[in-house]
Amino acid sequence: MRIATAVVFATMISACTPAPEPVSGSLPLFGEGYRFKGDICRRVGEDDFTNQFLDDAADLVACPADAENLGVFVIDTGAVEVARRDGYVLYSVPVR
């Protein structure tokens, strides 16, 4: 009986834990925000996965997939979605 109670209690506690923020386990993010300091989107550097999306005429940018204003970001910057990884949407943002 005590074990069952402990299991139920542990399950209830874990259900109250907030969902973790997206973590870029393997994305080489850098900078303090894309376009402005503090923005939720960030530039992405080169690694074995991202090198296929890098372009000298565009910035590679990662935004959390659950961000509310991704549509506005796309319209404002002309961004094109190129991939999704680690809870982020990767965009190619033209700079010229």
Side-chain angles (χ1 to χ4, degrees):
M1 180 70 170
R2 289 184 181 178
I3 293 174
T5 302
V7 169
V8 169
F9 183 70
T11 304
M12 288 172 41
I13 289 174
S14 67
C16 295
T17 305
E21 295 289 322
V23 175
S24 70
S26 63
L27 288 176
L29 302 177
F30 66 93
E32 296 179 350
Y34 185 71
R35 296 190 299 168
F36 306 104
K37 183 177 179 178
D39 280 355
I40 59 172
C41 300
R42 294 177 55 198
R43 297 264 316 265
V44 182
E46 184 174 2
D47 69 8
D48 290 339
F49 174 71
T50 62
N51 66 4
Q52 61 190 319
F53 308 116
L54 294 174
D55 182 352
D56 64 339
D59 291 331
L60 185 59
V61 178
C63 299
D66 61 352
E68 293 180 12
N69 297 327
L70 291 182
V72 174
F73 175 79
V74 169
I75 291 170
D76 286 351
T77 63
V80 175
E81 182 178 334
V82 294
R84 290 179 179 248
R85 185 167 183 166
D86 298 333
Y88 285 86
V89 181
L90 276 67
Y91 292 101
S92 179
V93 180
V95 292
R96 299 184 206 162

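In this text, all values refer to a predicted model and were calculated from it rather than measured experimentally. Residues take their numbers from the sequence shown, with the count starting at 1. All values below come from the heavy atoms of this structure, side chains included, with hydrogens, waters and symmetry mates left out.
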Taking all non-hydrogen atoms of both residues into account, name the closest pair between P94 and S92 and its distance. CD-O, 3.7 Å
Are Y88 and F49 connected, step by step, through hydrophobic side chains (Ile, Leu, Val, Met, Phe, Trp, Tyr) whose heavy atoms are closer than 4.5 Å? yes
Are any side-chain N or O atoms of D55 and backbone N or O atoms of A57, one a donor and one an acceptor, separated by less than 3.5 Å? yes
Is a donor from one side chain sitting under 3.5 angstrom from an acceptor on the other, for S26 and D47? no
Between L60 and V82, is a side-chain contact (heavy atoms from CB on, under 4.5 Å) present by the stated rule, with each step listed? CA-CA 9 Å; L60 185 59; V82 294; 4.0 Å; yes
How would you list all residue pairs meeting disulfide (SG to SG under 2.5 Å) that involve residues 67-96, not counting sequence neighbours? none
Partner residues of Y91 under the side-chain hydrogen bond (donor to acceptor under 3.5 Å, both in side chains) criterion, sequence neighbours left out: none
Residues, nucleotides or ligands: over 12 heavy atoms within 6.0 Å of Q52 CD: yes
Going by heavy atoms in the side chains, are L90 and L27 under 4.5 Å from each other? yes
Applying side-chain hydrogen bond (donor to acceptor under 3.5 Å, both in side chains), name anything that partners T77, two or more places apart in sequence or on another chain. none
Given 3.5 Å as the limit, does a donor-acceptor pair link the side chain of R42 with the main chain of G33, or not? no
When rounded to the nearest 0.5 Å, the distance separating OG1 of T50 from CZ of R85 is 8.5 Å
If you look only at pairs with a residue in residues 40-96, which of them pass as a disulfide (SG to SG under 2.5 Å), with sequence neighbours excluded? C41-C63
A quick test of your reading: do over 12 heavy atoms of other residues, nucleotides or ligands sit less than 6.0 Å from CG of D48? no
Evaluate the side-chain contact (heavy atoms from CB on, under 4.5 Å) criterion for residues D56 and R96: first the C-alpha distance (whole Å), next the side-chain angles of each, then the deciding distance (0.1 Å), finally the verdict. CA-CA 9 Å; D56 64 339; R96 299 184 206 162; 3.8 Å; yes
CG on L29 to CZ on R43, rounded to 0.5 Å: 11.5 Å
Is V89 reachable from V74 through a run of hydrophobic residues whose side-chain heavy atoms are each under 4.5 Å from the next? yes
Is V44 close to F30 at the side-chain level, that is, under 4.5 Å between some pair of heavy atoms? no
Taking only residues two or more places apart in sequence, or in another chain, which ones meet D76 in a side chain to side chain contact (heavy atoms under 4.5 Å, CB included)? R35, V72
Looking at residues at least two apart in the chain, or sitting in another chain, which of them share a side-chain hydrogen bond (donor to acceptor under 3.5 Å, both in side chains) with E81? R84
